[in-house]
Peer 1: 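One structure, pasted below without further comment.
Residue numbers begin at 1 in each chain, while the letters A, B, ... track the order of the sequences.
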Protein chains: 2
Amino acid sequence: MRCGAGIDARMVDELAINIDPIQAGGRLTADAMKAVIAYGDGYSVCDNCRTPNRLDYISKPPIAQFHKDLAAWLNMDAARVVPGARRGFQAVAHTYVNKGDPVLLSSLAHYTEFLAIEAAGGVAREIPANAQNIVTADAAAEKIEEVKRGSGRLPVLLFIDHVDYQYGNVHDARGIVKVAHQYDIPVLCNGAYTVGIMPVDGKDLGADFIVGSGHKSMAAPAPSGILAATAERAQEVFRMTAITGDMTGRKFGIKEPEMMGCTLMGVTLMGMMASFPHVKERVKHVDRELERARIVHQALLSIQGTKILSEFPRKHTLTRVDTTGSFDRVAQSHKKRGFFLSGALGEKGVAGIIPGATRVWKFNTYGMTKAQAQYLAQVFVTIAQDNGLAIA
Amino acid sequence: MRCGAGIDARMVDELAINIDPIQAGGRLTADAMKAVIAYGDGYSVCDNCRTPNRLDYISKPPIAQFHKDLAAWLNMDAARVVPGARRGFQAVAHTYVNKGDPVLLSSLAHYTEFLAIEAAGGVAREIPANAQNIVTADAAAEKIEEVKRGSGRLPVLLFIDHVDYQYGNVHDARGIVKVAHQYDIPVLCNGAYTVGIMPVDGKDLGADFIVGSGHKSMAAPAPSGILAATAERAQEVFRMTAITGDMTGRKFGIKEPEMMGCTLMGVTLMGMMASFPHVKERVKHVDRELERARIVHQALLSIQGTKILSEFPRKHTLTRVDTTGSFDRVAQSHKKRGFFLSGALGEKGVAGIIPGATRVWKFNTYGMTKAQAQYLAQVFVTIAQDNGLAIA
């Protein structure tokens, strides 16, 4: 099937069990798909934009209410939608970071946090994860002291990934916030893998900012995300425009420079809003998701030589696995080399693994039914057996 | 019809002739709608992302080719997609503008250009439009000299709206670029109302940057837009990341800080790509669009007391009209006050006018059939007659 312009219709999630590590939480709900169809046109949410003209004041569709609900759900004071979590990082970094300022983030931080720091002119300083690939409050405290000793200055901002993209490990965001606040360092908690996947309570974490990703974890189209803030920080990052035209004297009302005015004026926001009731419900059922992930983990661990590099017990369904001692051994002599694994998975209806990867790779079981998890578990074992690997 | 979460299905363009000034060029094509349905899921374009990992290198769907085609079509050297034209302004302003730097834009500039300057710490200086609401090269030259005299410094960047959002007038972008380049000032030509609506030739204009809006003028979902640059300027705005992790030594390849890495990873880009062949074709038929607009203009001008404030002859279908001497006179004594006009239009199947507006308002006939234009013309005249206004 084609969509014109040489574009084939994408049917990955219709035809296969998709274990892509970044796509699992961004699949649309049926309601989001309806909203996408109804609000596909550019500027589709602006029909009833009235004074004051800003996206988060539109009441039909209920965008204003969504913003309130979003902030309340995260137990934060204010929220905005942004074109991806990265645009939330950018807004916060741009507000607090000046040229040469040290900024903390973890050794497992997402690259977009680095880019936000770089764009703002800051200097990235990493808090090292420990041997278990967990970022602790002690490590944060040590790094703050190290930066202070080395540069004579305190970091102006700290990013902590609530769950990181490499291991899917849960880090001590609450403890790190506590430490940072002792030095008056504001903290952005990157919930790209948690907001929409598991409960996130901003006040409990103590974070100044919570960032979430619509297309990664809130069953929304791309690019979309959210930036939530405490009342105090909201005044800083969501400050209103003060610029005027020198000839016309024009002013620009309540528009916010860090948001560049309105942000998601159509399909992306409507998809996120339509999924929101489902997302609020699904975060209550992390246990069910982890139980299904466990079925797959047990199968993988039964294949001799396979290791799971993520923390155990798993608290998130994104998992990093090391098959250097199993599937990669097969790849050494297989006529398809490393492509045998993705090929065999594809033949059995499993998509989402990088073709050729047989050493360290990631997958995500989020959203699977139990039957799908059992099937996937069996597929891994069968591929191992078919290729002469021992099963424990 | 509902999409869940209290969201009614939007049917404005299905049920009415929509003359909203900002929505006309952003209605999806049928191919875009197919692409939106196929690529609604978050991160839907990332299935085949391979090293080097960047959106504009993905070959399936043909995103890499689209970027090349886009640059060629605009006769520029490089192009990127961005979450709205404003994010193009932001990237360029952030690259060239430091705190206190004067930046030129026109007295008819869009507010997002002001916000981009404000966010970068610059000082906005307006080039005044002339009595005909046209921004000329002479006015630009005078303003450059005025800024130079006043501050002892030259502006570091100049924004010119190819067609402005207030009158839909075509400004002398080519002449202004010529003047600015005599002072080595880079120029961003804001084509939010032209790229996708009429032919835009970057080399002919001489602009350093061309910005376009997907949701405003390229039949694409929101938020989407494009930023095209000359080879020289591309190296500056699309510079690659240089930041590293101090503990891990991590580097981030070819990611671009001003783009925050990848930009439109799903439905927005695919909608834009699917519409692109249609958009390329439609820009060749501006005359047809203007002919249809003319039918409506003539009808409006036949209503005694009505003025069209946009330049004549019209070169763009976005038009600013003054009905203070006609429909607003009716409003003075009508029981519905100013709401009689939008109400009467609504009853006759016309949407997109701000409810209550009877003095100065804007509309856009872009994309109408001739029959629709004739119908709309008749509707205006009928409403005028029904309310006792004289028709010339």
Peer 1: Which one, H278(A), R87(A), E258(A), leads in non-hydrogen pairs under 4.5 Å with chain B?
Peer 2: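 Of H278(A), R87(A), E258(A), R87(A) has the most heavy-atom pairs under 4.5 Å with chain B.
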Peer 1: With only heavy atoms counted, which part of L108(A) is less than 4.5 Å from chain B, the side chain, the backbone, both or neither?
Peer 2: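 Just the backbone, heavy atoms under 4.5 Å.
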Peer 1: What's the separation between atom NE2 in H110(B) and atom CZ in F252(A), rounded to the nearest 0.5 Å?
Peer 2: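 It comes to 10.0 Å.
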Peer 1: Which bit of M218(A) comes within less than 4.5 Å of chain B, counting heavy atoms only: side chain, backbone, both or neither?
Peer 2: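 No part of M218(A) comes within 4.5 Å of chain B.
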Peer 1: Which answer fits A109(B), side chain, backbone, both or neither, if we ask what part of it has an atom under 4.5 Å from a heavy atom of chain A?
Peer 2: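 A109(B) touches chain A through backbone and side-chain heavy atoms alike.
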Peer 1: Before accepting this row, confirm whether a basic side-chain N of the pair R125(B)/E146(B) lies closer than 4.0 Å to the acidic partner's carboxylate O.
Peer 2: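 A salt bridge is present here (some side-chain N lies under 4.0 Å from a carboxylate O).
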Peer 1: Chain B heavy atoms under 4.5 Å from T51(A): which part of the residue, side chain, backbone, both or neither?
Peer 2: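 Looking at T51(A), nothing touches chain B.
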Peer 1: Name the option with the most non-hydrogen atom pairs under 4.5 Å to chain B; the candidates are P257(A), S213(A), S275(A).
Peer 2: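 So the answer, after comparing P257(A), S213(A), S275(A), is P257(A).
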Peer 1: Quick one: what part of A242(A) sits under 4.5 Å from any heavy atom of chain B, side chain, backbone, both or neither?
Peer 2: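 Looking at A242(A), backbone and side chain both touch chain B.
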Peer 1: State whether the number of non-hydrogen atoms from other residues, nucleotides or ligands found under 6.0 Å of I37(A) atom CD1 is greater than 12.
Peer 2: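 Check passes, neighbour count above 12.
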Peer 1: Flag the one option from F66(B), F114(B), F276(B) with the top tally of heavy-atom pairs under 4.5 Å to chain A.
Peer 2: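 Greatest number of close heavy-atom pairs with chain A: F114(B).
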Peer 1: Using 0.5 Å steps for rounding, measure from the CG atom of L104(B) to the CD atom of E126(B).
Peer 2: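 Reported to 0.5 Å precision, the distance equals 10.5 Å.
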Peer 1: Can you tell which of G84(A), G266(A), S107(A) has the highest number of heavy-atom pairs within less than 4.5 Å of chain B?
Peer 2: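 Result: the option with the highest number of such pairs is S107(A).
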Peer 1: Against chain B, label D13(A) side chain, backbone, both or neither, depending on which of its atoms sit under 4.5 Å from a heavy atom there.
Peer 2: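 The answer is the side chain of D13(A).
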Peer 1: With respect to chain A, which residue among E14(B), M33(B), M273(B), Q90(B) yields the maximal number of heavy-atom pairs within a distance under 4.5 Å?
Peer 2: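 Option with the top pair count is Q90(B).
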Peer 1: Between C46(B) and chain A, with a heavy-atom cut-off of 4.5 Å, which part of the residue counts as in contact: side chain, backbone, both or neither?
Peer 2: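 Both parts, heavy atoms under 4.5 Å.
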Peer 1: Checking side chain to side chain contact (heavy atoms under 4.5 Å, CB included) between S224(B) and each of T268(B), V267(B), V81(B), L269(B), which is the one that passes?
Peer 2: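 So the option named by the test is T268(B).
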Peer 1: Would you say the ring centroid of Y165(B) lies under 6.0 angstrom from that of Y193(B)?
Peer 2: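 Not under 6.0 Å, so no.
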Peer 1: Just checking, is any N or O donor in the side chain of E256(A) or T241(A) under 3.5 Å from an acceptor N or O on the other one?
Peer 2: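 There is no such pair (donor and acceptor under 3.5 Å, judged by atom type) between the side chains of E256(A) and T241(A).
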Peer 1: State the NZ-CG distance between K60(B) and D47(B), to the nearest 0.5 angstrom.
Peer 2: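 Spacing of NZ (K60(B)) from CG (D47(B)) equals 8.0 Å.
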Peer 1: Looking at chain A, which one of A351(B), A5(B), A222(B) has the largest number of heavy-atom pairs inside 4.5 Å, strictly under?
Peer 2: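 Going by pairs under 4.5 Å, I would pick A222(B).
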Peer 1: If you count heavy-atom pairs under 4.5 Å between each of H215(B), R10(B), M247(B) and chain A, which one has the most?
Peer 2: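 That would be R10(B).
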Peer 1: Counting heavy-atom pairs under 4.5 Å with chain A, which one of Q23(B), R250(B), M265(B), K255(B) comes out on top?
Peer 2: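 Of the options given, most contacts go to R250(B).
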Peer 1: I'd like to know if D246(B) pairs up with K143(A) as an ion pair, taking the criterion as any Lys NZ or Arg NE/NH1/NH2 lying under 4.0 Å from an Asp or Glu carboxylate oxygen.
Peer 2: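 Looking at K143(A) together with D246(B), the answer is yes, because their closest N to O distance falls below 4.0 Å.
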Peer 1: Heavy-atom pairs under 4.5 Å with chain B are the metric here; pick the option from G4(A), G253(A), G245(A) that has the most.
Peer 2: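 Most heavy-atom pairs under 4.5 Å with chain B: G245(A).
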Peer 1: So what's closer than 4.5 Å to chain B heavy atoms on K216(A): side chain, backbone, both or neither?
Peer 2: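 For K216(A), the contact with chain B is made by backbone and side chain together.
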Peer 1: Please look at A220(B) and chain A and tell me whether the side chain, the backbone, both or neither of the residue comes under 4.5 angstrom of a heavy atom of that chain.
Peer 2: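 Contact with chain A is through the backbone of A220(B) alone.
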Peer 1: At a 4.5 Å cut-off on heavy atoms, which part of V12(A) comes close to chain B: side chain, backbone, both, or neither?
Peer 2: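 Side chain only.
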Peer 1: Assess, by modelled atom type and distance only, whether the side chains of S59(B) and R50(B) contain a donor and an acceptor separated by less than 3.5 Å.
Peer 2: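 No pair is found: no donor N or O on one side chain lies under 3.5 Å from an acceptor on the other.
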Peer 1: Where on T244(A) is there a heavy atom nearer than 4.5 Å to chain B: the side chain, the backbone, both, or neither?
Peer 2: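 Answer is backbone: N, CA, C or O of T244(A) sit under 4.5 Å from chain B.
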Peer 1: Is A35(A) close to chain B through its backbone or its side chain, or both, or neither, when contacts mean heavy atoms under 4.5 Å?
Peer 2: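 Interface part for A35(A): both.
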Peer 1: Among the options P221(A), A274(A), G261(A), S44(A), pick out the one with the most heavy-atom pairs lying under 4.5 Å from chain B.
Peer 2: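 Looking at each option in turn, the highest pair count goes to S44(A).
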Peer 1: Any chance you could measure N48(B), atom CG, to I63(B), atom CD1, to the nearest 0.5 Å?
Peer 2: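 Atom-to-atom, N48(B):CG and I63(B):CD1 are 9.5 Å apart.
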Peer 1: What option among G271(B), P61(B), C262(B), G214(B) has the most heavy-atom pairs under 4.5 Å with chain A?
Peer 2: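 Of the candidates given, the most pairs with chain A belong to C262(B).
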Peer 1: Check step by step if side-chain contact (heavy atoms from CB on, under 4.5 Å) holds for V45(A) and M270(A).
Peer 2: CA-CA 8 Å; V45(A) 305; M270(A) 296 313 290; 3.6 Å; yes
Peer 1: Return yes if a side-chain donor-acceptor contact under 3.5 Å exists between R27(A) and Y43(B), otherwise no.
Peer 2: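 No, because no side-chain N or O of R27(A) sits under 3.5 Å from a partner of the opposite role on Y43(B).
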